[in-house]
Amino acid sequence: MEKILATGGTGYIGSHTVIELIKKGYEVEILDNLYNSKIEVLDKIENLTGVRPKFHQIDMLDENGVDKVFEDGNFSAVIHFAGLKAVGESVEKPLEYYETNIGGTLNILESMKKYGVKKIIFSSSATVYGEPESDVCVETLPTGQKLTNPYGKTKYMIEEILKDYAVADKDFNVTILRYFNPVGNDESGLIGEDPNGIPNNLMPIIMKVYKKEIPELSVFGDDYNTRDGSCIRDYIHVVDLAKGHLLALENIKPGVSIYNLGTGSGTTVFEMIDAFEKASGEKLPYKVVGRRAGDLPALTANPEKAERELGWKAEKTVEDAMRDTINFLRNN
Ligand code: WQD
């Protein structure tokens, strides 16, 4: 049975992907420092799959710790989720973001090189497109231009590191997955997006408003040139995203492959609020405030390449994601 190392595997996207991997018969080990996740996720993975992945509570920056995991691991591939991911925080703490995301990734790559692990799937982000000339992104769009925050720059730089390494080692295979806006959770409601601290993203904030931990949602601007004035994004169900990783793993090709993982359709902030209210049966308190710096009016994926080459297509809708989110909220 192929053994996979999932760095950041107790996190939101990582844990959903670990579940799909186990269901497909892979043996999975997790390396995570629990900075933005909880150890209880392991119990929930075991509850959902009957398997408790071997867990290494290790920081990517702990070179010796990382090396020991690989020395014993005999992994056939790494799925690299681990990293700091708060856009706003990255502007305030750039050194921490570069050290953790870039330095941590280099430690992982050094150990992969030392122990002959030749396949990596990297959790990247649509943010690497910066301010693209088209608001529908294809993988051939230029990246790394007009990036507005260190978080996005680390994702771009790691993509470049992986591309350069694949040139130096022809046997090293890289798959880069550019996520759009992940939402939702496993239909069991046992696991879901549950970040430590104050979230940045729309859905975890809506979840905190629903739980009355935050009095109301601030809508960052209703004066954009969109159908209702609020920004449009491509919200993709995290289970579809997880399945995309599985297909990427099963279709790894020599060199570097890059795929957008998005639905291809856009939803406005007001439409997200409406969808959440329909799923919860309750009004969601919000107020319109000024625009957030760096926000683009619209950004959605052209997911045709993943469909063509991986046979992957998002199946779940925003309504499915809201239903599953309410289920998670009511279970926790
Ligand atoms: C979505 C929409 C906001 C919060 C970022 C990263 C990207 C990826 C996903 C990691 C925007 C609006 C939000 C709020 C609001 N992250 N909003 N009030 O900015 O599209 O993308 O997260 O991979 O890399 O760039 O996501 O969820 O922050 O915002 O009105 O309190 O919701 O203006 O239009 P974003 P988001």
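Atoms within a ligand are numbered from 1 in the order they appear, just like the ligands themselves.
Ring-plane geometry between Phe172 and Tyr165 is classed as tilted, the angle between the planes lying from 30 to 60 degrees on a 0 to 90 degree scale. Ring pair His245/Phe81 is tilted by interplanar angle, where 30° to 60° counts as tilted. Using the six-membered ring where Trp is involved, Phe270 and Tyr286 have ring planes that are tilted, between 30° and 60° apart.
Considering Tyr151, Tyr224, Tyr179 only, the shortest heavy-atom separation from atom 10 (C) of ligand 1 involves Tyr151. Across Ile206, Val87, Leu217, Thr268, heavy-atom proximity to atom 6 (C) of ligand 1 is greatest for Val87.
Residue contacts with ligand 1, taken as heavy atom pairs separated by less than 4.0 Å, involve Ser218 solely via the backbone atoms N, CA, C and O. Residue contacts with ligand 1, taken as heavy atom pairs separated by less than 4.0 Å, involve Asn201 via backbone and side-chain atoms alike. Contact annotation for Asn181 and ligand 1: only side-chain heavy atoms (C-beta onward) come within less than 4.0 Å of the ligand.
Listed by atom number, the atoms of ligand 1 under 4.0 Å from Ser125 heavy atoms are 7 (C), 23 (O), 24 (O). Atom numbering of ligand 1 starts at 1 in the shown order; those under 4.0 Å from a heavy atom of Asn200 are 4 (C), 28 (O). Distances below 4.0 Å separate heavy atoms of Val219 from the following atoms of ligand 1: 30 (O). Heavy-atom contacts of Thr127 reach the following atoms of ligand 1: 24 (O), 25 (O) (cutoff under 4.0 Å).
The closest donor-acceptor contact from the side chain of Asp59 to the backbone of Asn33 lies at 3.5 Å or more, if one exists at all.
Of all protein heavy atoms, the one closest to atom 11 (C) of ligand 1 is Arg292 NH2, 4.0 Å. Considering only non-hydrogen protein atoms, atom 12 (C) of ligand 1 sits nearest to Val269 CG2, 3.9 Å. Nearest protein neighbour of atom 34 (O) of ligand 1, counting heavy atoms only, is Cys231 CB, 3.0 Å. Closest to atom 20 (O) of ligand 1 among all protein heavy atoms lies Arg233 NE, 2.7 Å. Looking only at heavy atoms of the protein, atom 27 (O) of ligand 1 is closest to Leu202 N, 2.7 Å. Looking only at protein heavy atoms, the nearest one to atom 17 (N) of ligand 1 is Phe220 CD1, 3.7 Å. The protein heavy atom nearest to atom 1 (C) of ligand 1 is Tyr235 OH, 3.5 Å. Atom 33 (O) of ligand 1 has as its closest protein heavy atom Asp295 OD2, 2.6 Å.
No more than 12 heavy-atom neighbours from other residues, nucleotides or ligands sit within 6.0 angstrom of CG on Asn225.
Here the closest non-hydrogen pair linking Ala279 and Arg323 is CB-N, 4.1 Å.
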What do the steps show when you test Val238 against Asp324 for side-chain contact (heavy atoms from CB on, under 4.5 Å), and what is the final call? CA-CA 11 Å; Val238 70; Asp324 296 335; over 6 Å; no
Start with the C-alpha gap between Asp43 and Arg52, add the side-chain angles, then the distance that decides, and say whether salt bridge (Lys or Arg N to Asp or Glu O under 4.0 Å) holds. CA-CA 7 Å; Asp43 303 326; Arg52 188 182 188 83; 2.8 Å; yes
Exercise answer: donor-acceptor pairs, residues 293-307 side-chain atoms, under 3.5 Å, sequence neighbours excluded:
{"from": "Asp295", "atom 1": "OD1", "to": "Arg292", "atom 2": "NE", "distance (Å)": "3.1"}
{"from": "Asp295", "atom 1": "OD1", "to": "Arg292", "atom 2": "NH2", "distance (Å)": "3.0"}
{"from": "Asp295", "atom 1": "OD2", "to": "Arg292", "atom 2": "NE", "distance (Å)": "3.1"}
{"from": "Thr300", "atom 1": "OG1", "to": "Asp135", "atom 2": "O", "distance (Å)": "3.4"}
{"from": "Asn302", "atom 1": "OD1", "to": "Glu304", "atom 2": "N", "distance (Å)": "2.9"}
{"from": "Lys305", "atom 1": "NZ", "to": "Ile258", "atom 2": "O", "distance (Å)": "2.9"}

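Between Ile121 and Ile252, some side-chain heavy-atom pair lies under the 4.5 Å cut-off.
A salt bridge links Lys163 with Glu160: the distance from a Lys NZ or Arg NE/NH1/NH2 to an Asp or Glu carboxylate oxygen falls below 4.0 Å.
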